[in-house]
Amino acid sequence: MNTILTGHAREGAYDVLLGDLDVSDVKRFQDDSIWPYFERLRKEDPIHYCQDSPYGPYWSITKYHDIVAVNMTHGVFSSEQGVTIVDLPEEYWTPSFIKMSPPKHGEQRNTISPIVAPENLAKLEGLIRRRVKAVLDGLPRNEPFDWVDKVSIELTTQMLATLFDFPFEDRRLLTYWSDVAATTPRTGHEIDTWEKRRVVLSGCLDYFTRLWNERKNAEPHADLISMMAHSPATRNMEPREFLGNLILLIVGGNDTTRNSMSGSVLFMNQNPSELRKLRETPRLVSSAVSEIIRYQTPIAHMRRTATVDIVIGNKHIRRGDKVVMWYISGNRDDEAIDQADSFIIDRKNPRQHLSFGFGIHRCVGRHLAELQLRILWEEMLNRRLDIKVVGDPERVASNFVHGYSALPVQMAA
């Protein structure tokens with residue numbers, strides 16, 4: 001981390017009037033200067049109202065236990081108006097089961113959940129390990145390369161292709177669609193209008209519709225498209241709802257694992273004593289995986305909308321107000337997590353984190369994400385790989401996906 005930048009960010013965070021503080025600014029996520037702004041909110045105003053932002057007025061929930069409470073009361077804090085701080089124009093809205101309430105939410109979620117059930121993960125473990133070995137053994141030695149592209153994207157995209165039974169040669173389309181789906185249009189970017197985003201995602205829908213039509217007329221198989229095509233809860237979805245669920249599954253299956261894989265290498269380089277600890281005691285790998293996911297927090301926030309007037313922390317939240325749970329802040333709340341700003345792989349309770357959410361919307365694929373990350377580090381340890389970060393990471397310009405577009409590294413022979 002750039003200490004000069006961090007110092008300037010801390011000054012800036014405490015210079016602005018509390019009422020004017022807006023933690024949604026994507027530039028602060030991209031340059032990694034967001035931390036002191038959340039630190040200030042946790043200390044001074046943990047339930048904070050921002051009247052003026054590019055996304056309209058919103059409440060910030062910044063402390064661990066408050067975030068859990070909001071997550072667990074889905075009847076009061078609803079996801080039906082969307083799960084990100086962005087209000088999509090109506091014509092670009094796509095429903096999905098994460099934006100639904102019971103019973104429809106549970107019916108659709110239960111349709112796809114068998115693919116990440118323990119018995120299926122046990123079947124996938126051998127395949128994941130073979131792929132990890134192949135990717136690691138094919139990496140260049142003694143020359144810089146991009147870990148994000150060569151490892152993180154490649155492994156997660158291969159897994160997504162397997163889950164969807166998607167044509168393997170076209171698997172990088174899944175990465176592209178995931179990136180576009182998670183993008184808020186902005187000037188100077190490839191996707192600078194909502195219409196351009198719609199056109200790209202229409203291509204995604206067309207491709208998957210062909211797969212759907214093939215599988216709905218075939219015998220059921222254990223892939224996500226076949227599961228949805230044959231389930232009473234999902235087989236009659238309108239195209240827009242089908243696209244919404246595709247986006248949810250692609251982004252959910254891609255970003256958590258991909259960005260945690262990238263963050264893991266960065267954090268071990270920044271904390272060499274923790275890497276040494278892991279090498280000396282490889283059985284800590286499962287604990288390390290949980291700490292990596294906490295420390296990275298690959299989804300920075302989830303949004304809800306209040307369905308009734310309610311008081312939290314002496315703040316009066318009105319029906320219809322936008323409420324943003326900043327997981328990235330709650331995971332650094334030192335009143336809930338000891339030394340929360342430190343990366344410690346042998347914590348007493350490493351699974352205590354917010355990265356997968358809580359309640360009915362808890363990440364359905366969390367165990368698969370942990371499995372992929374665990375196998376990657378087991379195989380890296382087995383090979384005694386010495387991977388050095390040789391340049392600054394490039395972070396994505398997003399306040400939703402907390403991740404990396406590039407991480408330059410070099411590996412010794």
Side-chain angles (χ1 to χ4, degrees), residues 23-26 28-30 32 34-35 38 55 58 60-64 66-68 70-72 74 77 79 82-86 88 96-99 109 116 148 152-153 156 159-160 175 177-184 244-264 266-267 289-304 322-333 337 340 351-370 372-373 395-405:
V23 289
S24 71
D25 186 349
V26 297
R28 295 185 186 130
F29 289 84
Q30 191 172 26
D32 203 37
I34 191 64
W35 306 105
F38 283 126
Y55 313 99
Y58 68 95
S60 284
I61 314 297
T62 59
K63 291 188 72 66
Y64 185 98
D66 292 330
I67 291 170
V68 173
V70 170
N71 254 314
M72 296 299 289
H74 61 268
F77 296 102
S79 65
V83 295
T84 76
I85 196 172
V86 179
L88 268 71
S96 65
F97 67 78
I98 199 173
K99 302 173 189 173
R109 180 184 170 107
V116 287
V148 172
S152 304
I153 289 178
T156 52
M159 190 72 258
L160 272 178
T175 306
W177 291 329
S178 177
D179 290 344
V180 171
T183 293
T184 300
N245 278 323
L246 287 172
I247 291 170
L248 172 61
L249 294 169
I250 292 170
V251 173
N254 174 61
D255 283 312
T256 297
T257 313
R258 162 181 160 184
N259 290 309
S260 295
M261 284 179 173
S262 300
S264 71
L266 180 63
F267 304 151
V289 163
S290 292
E291 179 67 349
I292 288 161
I293 293 169
R294 178 194 75 88
Y295 208 65
Q296 178 58 38
T297 316
I299 298 298
H301 79 263
M302 278 284 170
R303 171 260 185 101
R304 300 290 185 261
K322 185 186 301 185
V323 178
V324 180
M325 300 175 288
W326 292 104
Y327 293 174
I328 194 171
S329 174
N331 274 341
R332 300 296 181 97
D333 181 0
I337 300 171
R351 298 182 71 85
Q352 182 188 0
H353 64 75
L354 296 165
S355 298
F356 294 132
F358 281 89
I360 65 169
H361 296 296
R362 188 165 172 83
C363 176
V364 69
R366 61 192 182 277
H367 297 308
L368 177 58
E370 291 171 334
Q372 292 178 87
L373 198 54
R395 294 178 171 85
V396 297
S398 172
N399 57 27
F400 180 64
V401 173
H402 183 225
Y404 310 88
S405 53

Evaluate the side-chain proximity of W177 to V251: yes if any heavy-atom separation is below 4.5 Å, no if none is. no
Cut-off 3.5 Å, side chains only: do S60 and W326 have a donor facing an acceptor? yes
Is it true that S152 and S262 share a donor-acceptor pair across their side chains at a distance under 3.5 Å? yes
Please tell me if the side chains of H353 and I293 come closer than 4.5 Å, counting only heavy atoms from C-beta onward. yes
As an exercise, state the distance from CD1 of I98 to CD1 of I247, rounded to the nearest 0.5 Å. 12.5 Å
Would you call Y404 and R258 a side-chain contact if the rule is heavy atoms closer than 4.5 Å? no
For V401, is there any backbone N or O sitting under 3.5 Å from a side-chain donor or acceptor partner on S398? yes
Can we say E370 and R351 salt-bridge, meaning some charged N sits less than 4.0 Å from an Asp/Glu carboxylate O? yes
Under the 3.5 angstrom rule, does the side chain of N245 hit a backbone N or O of F97 as a donor-acceptor pair? yes
Taking the side chain as every heavy atom from C-beta outward, state whether F356 and T256 have any atom pair closer than 4.5 Å. yes
Could you give me the CA-CA distance, side-chain angles and deciding distance for Y295 and R332, then say whether side chain to side chain contact (heavy atoms under 4.5 Å, CB included) is met? CA-CA 8 Å; Y295 208 65; R332 300 296 181 97; 3.5 Å; yes
F400 and T184: side chain to side chain contact (heavy atoms under 4.5 Å, CB included), yes or no, with the steps? CA-CA 10 Å; F400 180 64; T184 300; over 6 Å; no
Over all atoms of both residues, closest heavy-atom pair of N331 and T297: ND2-OG1, 3.0 Å
Check for a donor-acceptor pair, side chain of N71 on one end and backbone N or O of G359 on the other, with a separation under 3.5 Å. no
Backbone of S79 reached by a side-chain donor or acceptor of H74 within 3.5 Å: no
Main chain of Y55, side chain of K322: is a donor-acceptor contact present, judged purely on distance under 3.5 Å? yes
Mind checking whether F29 and F38 have parallel, tilted or perpendicular rings, split at 30° and 60°? perpendicular
Run the numbers on R303 and M325 for side chain to side chain contact (heavy atoms under 4.5 Å, CB included), then give the verdict. CA-CA 6 Å; R303 171 260 185 101; M325 300 175 288; over 6 Å; no
Donor-acceptor under 3.5 Å (S264 side chain, M261 main chain): yes
Measuring only between side-chain heavy atoms, which start at C-beta, is V324 closer than 4.5 Å to I61? no
Main-chain N/O of I250 paired to N254 side chain as donor or acceptor, under 3.5 Å: no
Donor-acceptor pair, Q296 side chain versus H402 backbone, under 3.5 Å? yes
Which heavy-atom pair separates G357 from Y327 by the least distance, and what is that distance? CA-OH, 3.7 Å
Residues H301, V83; criterion side chain to side chain contact (heavy atoms under 4.5 Å, CB included); working and verdict: CA-CA 8 Å; H301 79 263; V83 295; over 6 Å; no
Do F358 and H361 make the cut of ring centroids closer than 6.0 angstrom? no
Atom CD1 of I299 and atom CD1 of I328: how far apart are they, to the nearest 0.5 Å? 10.5 Å
Does any non-hydrogen side-chain atom of L368 lie less than 4.5 Å from one of M159? yes
Check whether any side-chain heavy atom of V148 lies under 4.5 Å from a side-chain heavy atom of S405, and answer yes or no. no
With no hydrogens and no angle check, is any side-chain donor or acceptor of R294 less than 3.5 Å from a backbone partner on L354? no
Enter the distance from T257:OG1 to I153:CD1 here, rounded to the nearest 0.5 Å. 12.5 Å
Is there a donor-acceptor contact under 3.5 Å from the side chain of S329 to the main chain of T62? yes
Within this structure, what is the NE2-CD distance for the pair H367 and Q372, rounded to the nearest 0.5 Å? 13.5 Å
Are N399 and S24 close enough that a side-chain donor and a side-chain acceptor fall under 3.5 Å? no
